[in-house]
Amino acid sequence: MRKHIVAGNWKMNNGLSQTQALISDLKKQIRTSDAEVMIAPSFTNLWQAFQSLRQDDIEVVAQNMHFAENGAYTGEVSPGMLKSIGVQTVILGHSERRAYFNETDESLAKKVDAALANDIRVIFCFGEELADRKSGKEEAVVGSQIKNALFHLGVNAFKKIVLAYEPVWAIGTGETASPEQAQDMHAFIRKILADKYGSEVADNVSILYGGSVKPNNAQEIFGKPDVDGGLIGGASLKAEDFFAIVNAF
Ligand code: 13P
């Protein structure tokens, strides 16, 4: 049985006091759920979030990390630093990191390896741009992002990966992929995973959808058979909306 996961990517939002307030609102909404629930605050608030939450209720995850263990990389945070405060999961390859910080398939492959070497689970993001979809290249683009950054992994390493399909044209735009578009892409992804790693591995990997998931569309999107959860941006910044999405399962 695949895990259902709903993760809130706070992006570059919320200082310390806002983090404390949002976490206290989130705690009021916690119910037993079929889904694993995660939040990803910014680096400066990770420690505070760990202090405030039982990880069984809501897991605190990081939005990014460097691939090196330490050294002259001003402004970066290493896998070991994340581990030292208890981080067990990191988001890698978000389209905003690819677009604004020049992350490439090659640098992401290194980050994936570094995370796994430190026993950190990876939520690996990918997705096509609008021009790709308009020209019918969405499967080719997504397929190559996954292959280039992940297919050097052996089966056991790959089992530590959660995938997050985030079509760039649906992120923060209010436009979502239709539930059918999400399902079609997730089924395509599962097929290329089955070809590479076998159907048992492909059947067990959680594939999340991200891109303007809101309380009013979550149920329909999560209702699709190959959609195992969501990576939520804007709607994760309000406890009520976030938990309405979690409870859509
Ligand atoms: P929005 O939910 O704001 O579209 O953001 C999606 C996203 O980028 C999650 O990582």
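For the single chain, residues carry numbers from 1 onward in sequence order. Each ligand, and each atom within it, is numbered from 1 in the order the structure gives.
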* SB check Arg98 Glu103 (cutoff 4.0 Å) -> no

* Structure fact -> Output for pair (Lys238 NZ, Leu26 CG), nearest 0.5 Å, gives 13.0 Å

Could you list each N/O atom of ligand 1 together with any protein N/O atom closer than 3.5 Å, one pair per line with the distance?
{"from": "ligand 1", "atom 1": "2 (O)", "to": "Ser212", "atom 2": "N", "distance (Å)": "3.4"}
{"from": "ligand 1", "atom 1": "2 (O)", "to": "Gly233", "atom 2": "N", "distance (Å)": "2.9"}
{"from": "ligand 1", "atom 1": "3 (O)", "to": "Gly234", "atom 2": "N", "distance (Å)": "2.8"}
{"from": "ligand 1", "atom 1": "4 (O)", "to": "Gly172", "atom 2": "N", "distance (Å)": "2.6"}
{"from": "ligand 1", "atom 1": "4 (O)", "to": "Ser212", "atom 2": "N", "distance (Å)": "2.7"}
{"from": "ligand 1", "atom 1": "5 (O)", "to": "Lys11", "atom 2": "NZ", "distance (Å)": "3.3"}
{"from": "ligand 1", "atom 1": "8 (O)", "to": "Lys11", "atom 2": "NZ", "distance (Å)": "2.8"}
{"from": "ligand 1", "atom 1": "8 (O)", "to": "His94", "atom 2": "NE2", "distance (Å)": "2.8"}
{"from": "ligand 1", "atom 1": "10 (O)", "to": "Asn9", "atom 2": "ND2", "distance (Å)": "3.0"}
{"from": "ligand 1", "atom 1": "10 (O)", "to": "His94", "atom 2": "NE2", "distance (Å)": "2.9"}
{"from": "ligand 1", "atom 1": "10 (O)", "to": "Glu166", "atom 2": "OE1", "distance (Å)": "3.3"}
{"from": "ligand 1", "atom 1": "10 (O)", "to": "Glu166", "atom 2": "OE2", "distance (Å)": "2.9"}

* Is a donor on one side and an acceptor on the other found under 3.5 Å between the side chain of Arg97 and the backbone of Leu92? -> no

* Structure fact -> Residues passing the side chain to side chain donor-acceptor pair (under 3.5 Å) test with Lys160, sequence neighbours excluded, are Asp119

* Asked: Is any NZ, NE, NH1 or NH2 atom of the basic residue among Lys28 and Asp25 found under 4.0 Å from an Asp or Glu carboxylate oxygen of the other?
  -> yes

* When the aromatic ring centroids of Tyr209 and Phe222 are compared, is their separation below 6.0 Å? -> no

